[in-house]
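Read the structure below first, then the notes.
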Amino acid sequence: MPAVNIEIIKECPETGARAGVLHTPHGSFPTPMFMPVGTQATVKTLSPEELKEMGAGIILSNTYHLFLRPGHELVEKAGGLHKFMNWDQGILTDSGGFQVFSLGAMRKIREEGVEFRSHIDGAKKLLTPEIATKVQEALGADIIMAFDECMPYPADLSYAKNSTDRTTRWAARCKAAHSRTDQALFGIVQGGMHKELRQKSAEELVDMDFPGYAVGGLSVGEPKEMMYDMLAATTCHLPKEKPRYLMGVGTPDCLVEGVALGVDMFDCVFPTRVARNGTCMTRTGRLVVRNAEFADDFRTIEEGCGCYACKNYSRAYIRHLFKAEEIFGLRLLSLHNLYFLLQFMRDMRQAIIDGVFPQFRKNFLEGYSL
RNA sequence: GGAGGGGUUCCCGAGUGGCUAAAGGGAGCAGACUGUAAAUCUGCCGCGUUUCGCUUCGGUGGUUCGAAUCCACCUCCCUCCA
């Protein structure tokens, strides 16, 4: 039995949605699950206790960032990431593949790996499949990710093919370099917006027999319909008995569709970033609570929400905090947005278990505006 | 009473003859944000029928083809001397 495995409890007969439990060395959590992002070994503004209380069973952290600062050796010396950041539940570390994409001109991709220019001090750094794997072993997350290239959109067929094939070769190198048995290494399907490449990537990774599979390279600027299309063209080639993780997706509409296409795990900076910028998420859409229309709106962010912010504060107060640049405002909205998404996932899971997911999905999408 | 300095678009504050509806900052308003270089970034910010027109720089009058910018008087504020 691999260190991380999923137990499927119920599948939706009409869609690909599934409800389950994912087991890790640091506890189990229900799926589908949304994983809050804590890039630098902290989910910005929130404490582990607060995350636990809202039901986050696993959070994300980042290889590239921790590699640069404070350095994986230091985290290892601290006793590993769990201990270092005082989080005793699941952790997944991203490999740095996304930084290959987001650092743009500050990096150079070669077969060996990727040469980065540190965004902190400009120092030249090398990340290869082997290094990314070793760094992640030192960090000690429960789930670690293969080092991939998250290619830009659009990418023509020839670029996409080269990139995808290289990502597949890198995945094999990550697997060969990975030795810890108490953590699971997930492969990442790429392929750009080309279905045949998605299929090829998925099949080749499945042949390598990873304990879980991620779908990468989506939500990078393409239209949503295209993203759903690519996701569908990917999940259908993944084994049912293993966890599936859609990387970087996090708006409610995308989450329902992702779940409908058989995804078990998601992560996204969206809820926390947008929170710090004054926007809150609700079942019916977004609310830019920093805007003037809420100046004397003494209602709670979202009626019926059980989060700390909604139980105690008004839109007008939170708007005031934002206008006054008080950090408590960032915290309240981060708390709300994450609670909201986590609750949303619980509701979806319950709907799958109750056999009413298709109706749930339809109702939600009808009442939600982008 | 005397000497000097100053009054600029919501605020602070540049600008001393045309390139000025007027720098810059703040405030305000709006938008963006999807494996976090993000408590960030972008746009708007006199009025309108908005690639053009109109009205603004304490007030009035004047010089000039042309004035926020030069001159006169008035007015208000600040500093210093009696």
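- The base of B:G35 sits within donor-acceptor range of the side chain of A:Asp94, with an N or O pair under 3.5 Å.
- Computed from coordinates, the A:Ile318 CD1 to B:A39 C1' distance equals 15 Å when rounded to whole Å.
- Using modelled atom types, no side-chain atom of A:Asp354 and backbone atom of A:Val356 make a donor-acceptor pair closer than 3.5 Å.
- When every heavy atom of A:Ser95 is checked against every heavy atom of A:Ala146, the shortest pair comes out as OG-O, 2.9 Å.
- B:A27 is unpaired under the Watson-Crick or G-U wobble criterion, no partner having all donor-acceptor distances under 3.5 Å.
- As judged by a 4.0 angstrom heavy-atom cut-off over every strand, A:Glu326 is placed among residues making no nucleic acid contact.
- Take the nearest nucleotide of RNA chain B for A:Glu293 and for A:Phe270: the residue whose nucleotide is more 5' is A:Glu293.
- Contact annotation: A:Gln99 reaches the phosphate of B:U36 (side-chain N/O to OP1 or OP2, under 4.0 Å).
- Remark: the separation of the P atoms in B:U20 and B:A38 is 38 Å, to the nearest Å.
- The distance between atom NE2 of A:His320 and atom C1' of B:A27, rounded to the nearest whole Å, is 16 Å.
- B:C52 and B:U40: their C1' atoms are spaced 37 Å apart (whole Å).
- Looking at heavy-atom distances under 4.0 Å, A:Met106 makes contact with a base.
- The same atom, C1', is picked in B:C41 and in B:U49; the two are 34 Å apart, to the nearest Å.
- Counting all heavy atoms, side chain and backbone alike, A:Arg319 lies closest to A:Val289 at CB-O, 3.2 Å.
- A:Gln40 comes within contact range of no nucleotide atom at all, as no heavy-atom separation falls under 4.0 Å.
- Of all nucleotides listed (B:C29, B:U34, B:G31), B:U34 comes nearest to the side chain of A:Val249.
- Taking the P atom of each, B:C73 and B:G2 are spaced 14 Å apart, rounded to whole Å.
- Atom name C1', nucleotides B:A27 and B:G13: the rounded distance is 14 Å, in whole Å.
- Residues A:Thr282 and A:Tyr368 share a closest heavy-atom pair of O-CE1, 3.7 Å.
- If you take atom P in B:G7 and the same atom in B:A14, they sit 9 Å apart, rounded to whole Å.
- Here A:Leu60 lies in heavy-atom contact (under 4.0 Å) with sugar-phosphate atoms only.
- In this structure, CZ of A:Arg319 is placed 8 Å from P of B:G28, rounded to the nearest angstrom.
- A:Asn62 comes within contact range of the sugar-phosphate backbone alone, with a heavy-atom separation under 4.0 Å but no base atom that close.
- Taking a pair to require two hydrogen-bonding distances under 3.5 Å in either a Watson-Crick or a G-U wobble arrangement, B:C80 pairs with B:G2.
- Here A:Ser118 lies out of heavy-atom contact (under 4.0 Å) with every strand.
- Here the side chain of A:His194 pairs a donor or acceptor atom with the backbone of A:Ala155 at under 3.5 angstrom.
- Searching all strands for a Watson-Crick or G-U wobble partner of B:C19 with both distances below 3.5 Å returns nothing.
- Remark: side-chain polar atoms of A:Ser334 are paired, donor with acceptor, to backbone N or O of A:Leu330 under 3.5 angstrom.
- Here A:Gly329 lies out of heavy-atom contact (under 4.0 Å) with every strand.
- Closest to the side chain of A:Val288, out of B:G31, B:U34, B:A37, is B:G31.
- Across all strands shown, B:A72 forms a Watson-Crick or G-U wobble pair with B:U60, both key distances being under 3.5 Å.
- If you take atom C1' in B:C45 and the same atom in B:G31, they sit 14 Å apart, rounded to whole Å.
- The separation between A:His65 atom NE2 and B:A38 atom C1' is 11 Å, rounded to whole Å.
- In plain terms, the two heavy atoms of A:Ile301 and A:Cys280 that are nearest each other are CG2-SG, 3.4 Å.
- Checked against B:G35, B:U34, B:A37, the side chain of A:Asp148 finds its nearest nucleotide in B:G35.
- If you check every strand for non-hydrogen atoms under 4.0 Å, A:Asn277 touches a base.
- Under the Watson-Crick and G-U wobble criteria, each requiring two contacts below 3.5 Å, nucleotide B:C47 is paired to B:G53.
- Contact annotation: A:Lys323 reaches the phosphate of B:C29 (side-chain N/O to OP1 or OP2, under 4.0 Å).
- Atom C1' of nucleotide B:G35 and atom CZ of A:Arg273 are separated by 11 Å, given to the nearest angstrom.
- B:C47 sits 15 Å from B:A23 when the P atoms are compared, rounded to a whole Å.
- Using a 4.0 Å heavy-atom cutoff across all strands shown, A:Thr45 reaches no nucleic acid atom at all.
- Side-chain contact check for A:Met247 versus A:Met265: every heavy-atom pair is 4.5 Å or farther apart.
- In this structure B:U40 sits in a base pair with B:A32, meeting the Watson-Crick or G-U test at under 3.5 Å.
- In this model, no side-chain donor or acceptor of A:Ser102 finds a partner on the base of B:U36 within 3.5 Å.
- Base engagement by A:Lys44 is indicated by at least one non-hydrogen atom pair under 4.0 Å involving a base atom.
- For the side chain to side chain contact (heavy atoms under 4.5 Å, CB included) with A:Asp229, the qualifying choice from A:Arg198, A:Lys195, A:Met193 is A:Lys195, the only one to do so.
- Ranking B:G28, B:U34, B:G35 by closeness to the A:Cys150 side chain, first place goes to B:G35.
- To the nearest angstrom, P of B:U34 lies 14 Å from CG of A:Asn337.
- At a threshold of 4.0 angstrom between heavy atoms, the contacts of A:Arg290 include nucleobase atoms, whether or not backbone atoms are also involved.
- The distance between atom CZ of A:Arg331 and atom C1' of B:A39, rounded to the nearest whole Å, is 13 Å.
- The residue among A:Ile327 and A:Thr39 whose nearest nucleotide of RNA chain B lies closer to the 5′ end is A:Thr39.
- The interatomic distance linking A:Ile188 (CD1) with B:G35 (P) rounds to 13 Å, in whole Å.
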